[in-house]
Undergrad: 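One structure follows; several queries about it will come next.
Below, chain A is the first sequence line, B the second, and so on; all start at residue 1.
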2 protein chains.
Amino acid sequence: MPTTATDSARTARKSTKETPSIQSLDRGIQILELVGRSALPVSLGHLAAVLEIDRSSAFRLATTLKRRGFLANPSAGKDYILGPSVWRLSRQYDWSKMLATVAHEHLKALAVNTNETAHLAVREGRKALFIDHSTTPHVIAISGQTGELVPLYCTSHGKALLADFDEQSLGALFGDKPLQAWTRNTVLTTAKLARHCEEIRVRGYATDESEFLDGVRCIAAPIRDRAGLVIASIGISAPVARFPAEREKEFAGHVTAAALQIGELIGAQHKE
Amino acid sequence: MPTTATDSARTARKSTKETPSIQSLDRGIQILELVGRSALPVSLGHLAAVLEIDRSSAFRLATTLKRRGFLANPSAGKDYILGPSVWRLSRQYDWSKMLATVAHEHLKALAVNTNETAHLAVREGRKALFIDHSTTPHVIAISGQTGELVPLYCTSHGKALLADFDEQSLGALFGDKPLQAWTRNTVLTTAKLARHCEEIRVRGYATDESEFLDGVRCIAAPIRDRAGLVIASIGISAPVARFPAEREKEFAGHVTAAALQIGELIGAQHKE
DNA sequence: TAGAGCTATTGCATAATATGCAACAGTCGG
DNA sequence: CCGACTGTTGCATATTATGCAATAGCTCTA
């Protein structure tokens with residue numbers, strides 16, 4: 001079995017270090033990934049061909065997956081699609097926990113690199129929810145409360161999360177209620193907000209020039225999944241004194257890099 | 001290995017008939033299910049205990065799963081939570097396809113039992129989308145176009161999908177635009193619609209008394225996942241001539257039973 | 001209708017693979 | 001500093017997954 005040797009060699013150099021992977025489980029997962037990736041139902045032959053294993057093996061793996069509800073047969077015939085169990089699993093789970101987990105090290109790195117407080121946020125209705133943060137030992141620090149809800153339209157995280165919204169969607173989201181002015185800089189119209197969003201899409205990051213809290217500047221970048229959808233945001237906050245305009249580019253670099261890395265982690269997929 | 005013998009015996013008598021299940025893949029899936037079900041991170045020892053396998057085996061299975069991103073370790077330590085891959089899989093997938101698949105046989109059975117056209121629908125914004133249908137050989141039949149979009153507020157499917165909405169949420173959904181009157185019976189206010197919804201929650205099914213198309217009566221029931229959320233609807237349509245009031249109870253029984261069965265299928269989970 | 005060519009499915013012998021055991025390492029709490 | 005616990009690795013064994021080959025079901029076409 002020459003394939004096996006090559007395979008384990010590739011696997012070995014990977015992440016954890018070198019605990020051997022269980023072959024049949026790994027193959028089962030590959031089947032799930034393959035079927036999940038394909039828009040059309042996948043035939044048994046196709047599975048076997050891609051994994052380079054015998055049809056009978058593919059059949060038995062697929063059958064096991066089907067018994068557990070991870071695969072299903074479209075009404076028509078015998079090709080495979082993902083089953084209800086995958087859905088169930090993802091539904092009953094609190095994903096912000098997972099996000100926080102995989103992103104935590106990057107968050108910490110960002111805090112260290114910039115020497116400022118870093119936050120991780122997701123959208124929750126008309127608010128941004130901080131699901132994790134990492135501080136640095138500063139006398140004056142932006143208090144980062146994980147679990148805190150802040151408005152979308154006047155924070156860097158909020159605006160990063162809105163990056164792909166146009167004026168119409170913004171209107172649909174915020175309704176006709178006027179936006180509350182938190183500081184002199186708060187953006188108050190969806191029209192202006194839409195222009196901000198456009199800029200965010202172009203630059204890759206959002207700013208908050210004391211639009212929510214006086215004396216605080218923030219930068220945040222949208223985290224996108226492999227399909228390009230914004231699923232979260234990562235950024236830093238600092239008192240204006242420590243965040244002069246000339247540092248923006250430097251900070252932005254760190255923030256967008258972190259966002260990209262996390263996005264790739266979420267969308268990560270092993271070869272073969 | 002006495003555990004193994006007992007285990008395979010249990011597995012063998014299961015569903016599809018008797019193609020043997022692949023042990024290690026099956027165990028890996030059990031781990032996923034277990035971790036997915038648990039609110040708290042799961043320790044290696046716990047995994048081994050529940051599956052009744054050795055700690056080392058559990059470790060190797062979990063490691064394989066982790067390599068593929070199906071498990072992850074919370075920032076803290078070495079316990080397991082579900083990983084990003086599960087999310088990815090569920091995200092990039094069109095679930096209405098899967099729903100149609102698992103529900104198709106029930107849909108067909110419903111059409112046969114009632115001898116009328118049966119439909120399966122999901123909510124798509126402010127519309128109900130028919131994702132599958134099954135007809136019976138009638139001269140006069142309600143044409144069931146899979147892929148068709150119909151209004152939510154004046155169809156049995158639509159109202160079933162709105163079952164858990166109160167007047168406020170209805171207002172948020174439909175805005176202040178007045179509802180279009182399709183027939184003399186169309187419900188035109190969110191207040192009245194909210195009362196319908198309440199009735200649907202109590203009775204378990206929604207009706208359409210020619211509120212969208214004259215001369216057509218429909219019944220539909222919400223399909224709920226294990227958490228109780230409405231995810232789809234199933235129902236039948238018939239010309240008024242074939243659908244006298246006295247048959248409503250009979251039809252409703254069929255429809256709600258089908259909805260329940262599909263919901264259980266979606267939420268299905270293997271023992272052990 | 002028969003048959004060719006396809007795909008799914010099952011039987012079986014073999015060897016590779018997953019497994020349990022046992023030893024090791026790392027961590028926490030006293 | 002020691003003991004109890006959990007995670008991790010080595011290794012020998014036999015269980016288990018695998019590939020091959022044969023069968024069964026299906027579709028298309030001649």
Undergrad: To the nearest angstrom, how far is A/H46 atom NE2 from C/dC6 atom P?
TA: 18 Å

Undergrad: Report the distance from atom CZ of B/R27 to atom C1' of D/dT15, rounded to the nearest whole Å.
TA: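 After rounding, the reported distance stands at 11 Å.
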
Undergrad: Just the rounded figure in Å: distance from C1' of C/dA8 to CG of A/D79.
TA: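 Answer to the nearest Å: 11 Å.
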
Undergrad: Examine distances only and state if a side-chain atom of B/W95 and a backbone atom of B/S90 form a donor-acceptor pair shorter than 3.5 Å.
TA: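 Yes, because the side chain of B/W95 sits within donor-acceptor range (under 3.5 Å) of the backbone of B/S90.
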
Undergrad: In which ranges does DNA chain D form stems of 3 or more consecutive Watson-Crick or G-U pairs, distances under 3.5 Å?
TA: C:1-30 with D:1-30

Undergrad: Specify the residue among B/S56 and A/A58 whose closest nucleotide of DNA chain D lies further upstream toward the 5′ end.
TA: B/S56

Undergrad: Separation of A/N73 atom CG from D/dC26 atom P, in whole Å?
TA: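 Rounded to the whole Å, the gap is 14 Å.
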
Undergrad: Charged N to carboxylate O under 4.0 angstrom, B/R88 versus A/D225?
TA: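 No, this pair does not count.
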
Undergrad: With rounding to the nearest 0.5 angstrom, report the CG to CD distance, B/L161 to B/E124.
TA: 11.0 Å

Undergrad: Compare every heavy atom of A/A58 with every heavy atom of A/L47, then report the nearest pair and how far apart it is.
TA: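 Where A/L47 meets A/A58 most closely, the heavy atoms are CB-CB, 4.4 Å.
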
Undergrad: Could you work out which one of D/dT9, D/dT8, C/dT9 sits closest to the side chain of B/K78?
TA: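 Nearest nucleotide to the side chain: D/dT8.
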
Undergrad: Does A/I22 or A/F59 map to a spot on DNA chain C nearer the 5' end, using the closest nucleotide for each?
TA: A/F59

Undergrad: Above 12 or not: heavy atoms from other molecules or residues under 6.0 Å from NZ of B/K97?
TA: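 Correct, the count exceeds 12.
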
Undergrad: When the distance from CZ of B/R55 to P of D/dT8 is rounded to whole Å, what number comes out?
TA: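 Value for this atom pair: 11 Å.
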
Undergrad: A/S24 near the nucleic acid: base, sugar-phosphate alone, or nothing, with a heavy-atom cut-off under 4.0 Å?
TA: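 It contacts sugar-phosphate atoms only.
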
Undergrad: Can you check the B/Q23 CD to D/dT15 P distance for me, whole Å?
TA: 11 Å

Undergrad: Would you say the side chains of B/R68 and B/T64 form a donor-acceptor pair under 3.5 Å?
TA: no

Undergrad: A/L61 CG to C/dT9 P: how many Å, rounded?
TA: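 It works out to 14 Å between those atoms.
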
Undergrad: Mapping B/S57 and A/R60 to their closest nucleotides on DNA chain C, which lands nearer the 5' end?
TA: A/R60

Undergrad: Could you give the CG-to-C1' distance, from A/L47 to D/dT18, as a whole number of Å?
TA: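 After rounding, the reported distance stands at 16 Å.
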
Undergrad: Which residues satisfy the ring-ring contact (aromatic ring centres under 6.0 Å, His included) test with A/F130, sequence neighbours excluded?
TA: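 If we apply the ring-ring contact (aromatic ring centres under 6.0 Å, His included) test to A/F130, skipping adjacent residues, the hits are A/H119, A/H157.
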
